[in-house]
Amino acid sequence: MKFMKLGSKPDTFHTEEATRTVISDVPSDLVIHVNNVSYLLHKFPLLPKCGLLQRLFSDSDDSNTATVDLHDIPGGEDAFELCAKFCYGMTINLSANNFVPAFCAAKFLGMTDSVDKGNFMVKLEAFFKSCILEGWKDSIITLQTTVKLPEWSENLGIIRMCIDSIVEKILTPPGKVTWSYTYTRPGYDKKQSVPRDWWTEDISDLNIDMFRCIIIAIRSTFMLPPGLIGEALHVYACRWLPDTTKTIPPESSASQTEEIRQKNRRILETIVSMIPAERGSVSVGFLLRLLSIANYLGASTVTRTDLARKASVQFEEATVNQLLFPSHSSSDQQFYDTDLVLAVLQSYLILWRRLSPEPAESSQSVKSIQKVGKLIDSYLQVVAKDVNMPVSKAVSVAEALPDIARKDHNELYKAINIYLKQEHPDLSKSDKKRLCRVLDCQKLSQELRSHAVKNEWLPLRTVVQVLFFDQESSTGRATGHRKSPQELIQISGKQTPAISEPNIRSIQLGSDNQFSREEGTRRSSLPETSIRDHQKMKRTDKKVVRGETEEDESQKGKNSRDEGNSANKLNTRR
């Protein structure tokens, strides 16, 4: 940081209660009130350097003590004192930290070169242009201090010149960067070459309005890739927004908490508005985190919808850990925020259907949705361990995916098994059926079918379905042909109208009453009983496939008996 030292006399200002006095043999003849502080000073040397004071006391008698109120001086008493010490020739040190209030106060007092040659304004302007604007950190610090005097800083051009200086340095090729900068992220070695995003750490110290001005100015040049803009947004969000991966304690009073939430909402909405439209400019993990923060802060519906849409574009690139956010809703008892994942998933499916109305099995759209399917099933395996996770939430996430998203249901079965076995062993019978209804037993591997048959946590109907399809698979392998569900429901060679998979299984297995059992029945006897039911049903299905019914069998037997009786009668006549 650059400094400028002015004056050579020692500082002789003395404080007594709320009064500041210059130690001097000459009695004070000028009283200046600034806020709650009274300054007992002298008309000379102040009047020769301050145009404002010259105008105020142009008609006063020099022998009388003059009094004036300067409560509206920018920068307050500290800024006024710097100007007063300059008039007395006392030593003062100027830097980026106190330049703005000193410059604005000097302008207010009229300490220009037209009033006195070599006046305070001239020296401050020279320091600003030759030192502050030439330095990287000095420009940023000066821009930070303009927050306390925004109107004065804007009118005097301080903000514009600082922003121009910062943007010019950001656009400098990294190899030519020679000024000091900070780079505090873990893993960074100062011996390495200057990274392309070296500037993002420093400008994250600015308030959101100044930060936004710099980002807009950078983007208007079209000289930096969107990824660097996205990195700057990411660094700023980490610096100022709360971490929703942890349980956040309330800060002090309720009013202060709401004030902080409003400030954070404004920061969040500003960051979201600056995210580049190009895909990959920010990571999907960052977008999901912003959505979690938006839910926590109670951001507007427009902001949350926009974030869900942006995240859905890159959803297939997400990992399970990036989906794990705690729920901060007061109405939910579960730990994980499944509503967040469901919102992004639904937004992804809307986009996917719009771009791929009739996807081919080998197309990129199918690969994309199957990747999302694996992600969701892996996510369900994690949230299934939450003891407070309701069945309705788990089912909603599982059912949201279309059939094409899953090549098999192995991972989905694992998630259901975890949910039933580890944390929800006392789940009601109806809830178990509701959960297992999303499972397609035909899409389980042989290994998991064997596991499911012995799984005492599954509802009986699901186990019977597994046995049925397992037997069908074994029969198909033995004969070289496996009957599809549509083939099994052909009656008299005619195909029934299109029926959904759940209804197909219902037709194959019959009503729920057919397979109802007492809750206390030992599960160890399940396979034998179920296989007998399955074999009986299998014989019936074979008759159905051949187009035979029980009435056909009876009629066929009756016709055979009639033919036999007719033959006997004929033999008797003969």
Side-chain angles (χ1 to χ4, degrees), residues 1-24 28 30-43 45-53 56 66-112 115-116 119-128 131-132 135 137-159 161-162 205-207 210:
M1 183 181 293
K2 300 291 182 65
F3 293 88
M4 182 174 72
K5 184 178 180 181
L6 297 176
S8 58
K9 296 179 181 179
D11 185 353
T12 56
F13 269 74
H14 173 71
T15 302
E16 185 175 346
E17 295 182 352
T19 302
R20 295 278 284 166
T21 307
V22 176
I23 300 175
S24 174
S28 172
L30 178 61
V31 180
I32 297 178
H33 300 290
V34 181
N35 298 328
N36 297 323
V37 180
S38 298
Y39 288 90
L40 304 182
L41 305 175
H42 306 84
K43 293 179 181 178
L46 262 68
L47 264 64
K49 293 184 180 297
C50 298
L52 175 64
L53 296 181
L56 291 175
T67 302
V68 63
D69 293 336
L70 298 179
H71 299 308
D72 54 346
I73 185 171
E77 56 269 24
D78 292 336
F80 170 77
E81 193 164 315
L82 283 173
C83 295
K85 288 180 179 180
F86 173 80
C87 294
Y88 278 98
M90 297 178 185
T91 301
I92 58 175
N93 290 310
L94 295 168
S95 68
N97 290 311
N98 61 4
F99 164 78
V100 172
F103 190 76
C104 295
K107 182 68 175 178
F108 177 84
L109 293 172
M111 301 177 71
T112 62
V115 175
D116 185 57
N119 212 344
F120 199 25
M121 281 285 293
V122 177
K123 296 186 181 298
L124 287 172
E125 287 176 348
F127 175 64
F128 180 55
C131 295
I132 290 180
K137 291 289 291 185
D138 293 304
S139 299
I140 293 177
I141 293 172
T142 301
L143 187 59
Q144 281 180 298
T145 60
T146 62
V147 175
K148 295 181 179 179
L149 298 168
E151 293 184 4
W152 278 89
S153 300
E154 183 67 32
N155 294 333
L156 293 174
I158 299 174
I159 293 177
M161 287 188 283
C162 285
D205 291 333
L206 297 169
N207 72 6
M210 297 302 177

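All figures in this text were calculated on a predicted structure; none of them were measured in a lab. Hydrogens, waters and symmetry mates are skipped; everything else that's a heavy atom, side chains included, is used.
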Check your understanding: Quick one: are Thr15 and Arg20 in side-chain contact, heavy atoms under 4.5 Å?
Key -> yes
Practice item. For the residue pair Thr146 and Met210, establish whether any side-chain heavy-atom pair is separated by less than 4.5 Å. Key: yes
Review point. Stepwise, does the side chain to side chain contact (heavy atoms under 4.5 Å, CB included) test hold for Phe120 with Leu94?
Key: CA-CA 11 Å; Phe120 199 25; Leu94 295 168; 3.9 Å; yes
Check your understanding: Does Asn97 reach the main-chain N or O of Thr145 with its side chain, forming a donor-acceptor pair under 3.5 Å?
Key -> no
Practice item. With the side chain counted from C-beta on, respond yes when Val100 and Ser153 share a heavy-atom pair under 4.5 Å apart, and no when they do not. Key: yes
Practice item. Just do the side chain to side chain contact (heavy atoms under 4.5 Å, CB included) check on Cys87 and Cys50 with the steps written out, would you? Key: CA-CA 9 Å; Cys87 294; Cys50 298; 4.1 Å; yes
Check your understanding: According to the interplanar angle, ranging from 0 to 90°, do the rings of Phe128 and Phe99 count as parallel (below 30°), tilted (30 to 60°) or perpendicular (above 60°)?
Key -> parallel
Check your understanding: Side chains of His42 and Ser24: does their closest heavy-atom pair fall under 4.5 Å?
Key -> yes
Review point. What's the verdict on side chain to side chain contact (heavy atoms under 4.5 Å, CB included) for Asn35 and His71, showing C-alpha distance, side-chain angles and the deciding distance?
Key: CA-CA 5 Å; Asn35 298 328; His71 299 308; 4.2 Å; yes
Review point. Is there a donor in the side chain of Tyr39 and an acceptor in the side chain of Glu81, or the other way round, less than 3.5 Å apart?
Key: yes
Check your understanding: With sequence neighbours left out, what residues match Asp78 under side-chain contact (heavy atoms from CB on, under 4.5 Å)?
Key -> none
Check your understanding: Passes side chain to side chain contact (heavy atoms under 4.5 Å, CB included), Ile92 versus Asn98? Steps please.
Key -> CA-CA 11 Å; Ile92 58 175; Asn98 61 4; over 6 Å; no
**Study point:** Student check: side-chain heavy atoms of Leu149 and Ile158 closer than 4.5 Å
**Key:** no
Point to revise | Contact check, side chains of Lys2 and Ile132, non-hydrogen atoms, under 4.5 Å | key: no
Check your understanding: More than 12 foreign heavy atoms under 6.0 Å from CG of Asp72: is that the case here?
Key -> yes
Point to revise | cation_pi(Lys85, Phe13) dist<6.0 Å, angle<=45 | key: yes
Review point. Excluding sequence neighbours, so at least two apart, what forms side-chain contact (heavy atoms from CB on, under 4.5 Å) with Thr112?
Key: Ser114, Val115, Met121
Review point. Hey, is the main chain of Asn119 close enough, under 3.5 Å, to the side chain of Asp116 for a donor-acceptor pair?
Key: no
Exercise for review: Please answer whether the main-chain N or O of Asp205 pairs with a side-chain N or O of Gln144 as donor and acceptor at a distance below 3.5 Å.
Suggested key: yes
Check your understanding: Quick one: does Ser28's side chain have a donor or acceptor within less than 3.5 Å of a partner on Leu41's backbone?
Key -> yes
Check your understanding: Any side-chain heavy atom of Val22 sitting closer than 4.5 Å to one from Leu40?
Key -> no
